[in-house]
**Student:** 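A single structure is presented below for examination.
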Number of protein chains: 2
Amino acid sequence: MPTPSLPYTAQQEKLARYAKALSHPARIYILRFLDKQCACYVGNIVDELPMAQSSVSQHLKELKNAGLIQGTVEPPKIKYCINRENWREAQAMFAALFEER
Amino acid sequence: MPTPSLPYTAQQEKLARYAKALSHPARIYILRFLDKQCACYVGNIVDELPMAQSSVSQHLKELKNAGLIQGTVEPPKIKYCINRENWREAQAMFAALFEER
DNA sequence: AACACTTATCGTGTTTTTACGATAAACTAT
DNA sequence: ATAGTTTATCGTAAAAACACGATAAGTGTT
């Protein structure tokens, strides 16, 4: 295996990170829900999903770390919404992957 | 027997499965490579990637199980290519996720 | 049959993901 | 202060992902 020590391009790494964020149905659900509702509180999402509050919180954290959502504090709640800038970037990167030839 | 109520829709599960297939940079690389080359042998891919042949084989298996690629035997080699039907389906499903509102 | 070539699979160890309950942190209201 | 509400984090355990070397399986050739 004599070839490249340079592993992957930054683009490939980034797209893989976005894809990983989308790789669990609960996170697809959350994103779809936020996209429809524009914004909502954690409690609303917990009510929708068949898992513990702590698990939902963890999925939200992963989506936030991936840059796909963002939260704003509205005491005593926290409101989450799609991060539109990165959302568009992810959209473009997936589109490019499938269109390119 | 009543049908068990699944927590997520079939669509969400399917999209999550496609996303998981794309969630590793090596698999992004492979798909991109196959898309460009139209088709190639396993050896060509192994030469491109900084990992063992057995690891590449495992990534190919995952992509095949996800339905994104397919292989045809051309003794003594095996030629892989994109599964265009599922490729288009994945393209449509990602596009729908990001466009929908 | 024996060999060479190509790729898949096996066995193993390490790391990451996923889920949970319990607890902490931050804020409001009484 | 005390209590109540909301969400994040901690600690843990089970499962899955990932990579590797070694080996098997399949095919063509001699």
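In what follows, chains carry the letters A, B, and so on, assigned in the order in which the sequence lines appear, proteins first and then strands, with residues in each chain numbered from 1.
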**Student:** In whole angstroms, how far is the P atom of C:dT16 from the CZ atom of A:Arg17?
**Tutor:** 15 Å

**Student:** Quick one: B:Gln70 CD to C:dT7 C1', roughly how many Å, whole number?
**Tutor:** 18 Å

**Student:** Counting just side-chain N and O atoms, does B:Tyr80 come under 4.0 Å of either OP1 or OP2 of C:dT6?
**Tutor:**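 No.
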
**Student:** Quiz question: going by heavy-atom distance under 3.5 Å, is there a donor-acceptor pair between the base of D:dA17 and the side chain of B:Glu62?
**Tutor:** no

**Student:** Check the distance between C:dT7's P and B:Ile30's CD1 and give it to me in whole angstrom.
**Tutor:** 13 Å

**Student:** A:Ile45 CD1 to D:dT6 P: how many Å, rounded?
**Tutor:** 14 Å

**Student:** Please tell me which of the listed nucleotides, D:dT7, C:dT28, C:dT7, lies nearest to the side chain of A:Gln53?
**Tutor:** D:dT7

**Student:** On DNA chain D, compare the nucleotides closest to A:Lys61 and A:Pro76; which residue's is nearer the 5' end?
**Tutor:** A:Pro76

**Student:** Which nucleotide in the set C:dT18, C:dA8, D:dA22 lies at the smallest distance from any side-chain heavy atom of B:Leu60?
**Tutor:** C:dA8

**Student:** Look at all strands and tell whether B:Gln58 reaches a base, only sugar-phosphate, or nothing, counting heavy atoms closer than 4.0 Å.
**Tutor:** base

**Student:** Between C:dT18 and A:Ser55, is there an OP1 or OP2 to side-chain N/O distance shorter than 4.0 Å?
**Tutor:** no

**Student:** Looking only at atom types and distance, does a side-chain atom of B:Arg27 sit under 3.5 Å from a main-chain N or O of B:Lys20, one as donor and one as acceptor?
**Tutor:**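 Yes, the answer is positive, given that a donor and an acceptor are paired below the 3.5 Å cut-off.
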
**Student:** Is the gap between the ring centers of A:Phe98 and B:Phe94 under 6.0 Å?
**Tutor:**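 Yes, close enough.
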
**Student:** At under 4.0 Å between heavy atoms, what does B:Lys20 touch on the DNA or RNA strands: base, sugar-phosphate, or nothing?
**Tutor:** sugar-phosphate

**Student:** Which whole-number value in Å describes the distance from A:Lys77 NZ to D:dG4 C1'?
**Tutor:**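 One finds 14 Å between C1' of D:dG4 and NZ of A:Lys77, rounded.
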
**Student:** Ignoring the backbone of B:Tyr41, work out which of D:dT7, C:dT7, C:dG21 is nearest its side chain.
**Tutor:** C:dT7

**Student:** Select one nucleotide: of C:dA19, C:dA8, D:dA8, the one nearest the side-chain heavy atoms of B:Ser57.
**Tutor:**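 Closest of the options to the side chain of B:Ser57: C:dA8.
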
**Student:** Please give, in whole Å, the distance from D:dG28 P to B:Glu74 CD?
**Tutor:**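 It works out to 12 Å between those atoms.
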
**Student:** Using only side-chain N and O atoms of B:Arg27, determine if any of them is under 4.0 Å from OP1 or OP2 of D:dA17.
**Tutor:** no

**Student:** State whether the side chain of B:Asn44 and the backbone N or O of B:Tyr41 hold a donor-acceptor pair below 3.5 Å, judged by distance alone.
**Tutor:**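 It does hold such a pair.
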
**Student:** For residues A:Leu68 and A:Leu22, determine if any side-chain heavy atom of one lies less than 4.5 Å from a side-chain heavy atom of the other.
**Tutor:** yes

**Student:** Start at the 5' end of DNA chain C and walk down; is the nucleotide closest to B:Ser54 or to A:Val73 reached first?
**Tutor:** B:Ser54

**Student:** Contact between A:Tyr8 and B:Pro50 at the side-chain level, heavy atoms closer than 4.5 Å - yes or no?
**Tutor:** yes

**Student:** Counting any heavy atom closer than 4.0 Å, what does A:Lys64 reach on the DNA or RNA strands: base, sugar-phosphate only, or nothing?
**Tutor:**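 If one applies the 4.0 Å heavy-atom cut-off, A:Lys64 turns out to touch nothing in the nucleic acid.
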
**Student:** May I have the distance from A:Tyr8 (atom OH) to D:dC18 (atom C1'), rounded to whole angstrom?
**Tutor:**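 Between C1' of D:dC18 and OH of A:Tyr8: 11 Å.
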
**Student:** Would you mind reading off the distance between B:His59 atom NE2 and C:dA8 atom P, rounded to a whole angstrom?
**Tutor:** 13 Å

**Student:** Give a yes or no on this: more than 12 heavy atoms of other residues, nucleotides or ligands lie within 6.0 Å of atom CD of A:Glu85.
**Tutor:** no

**Student:** Starting at the 5' end of DNA chain C, which residue's closest nucleotide do you reach first, A:Pro75 or B:Lys79?
**Tutor:** B:Lys79

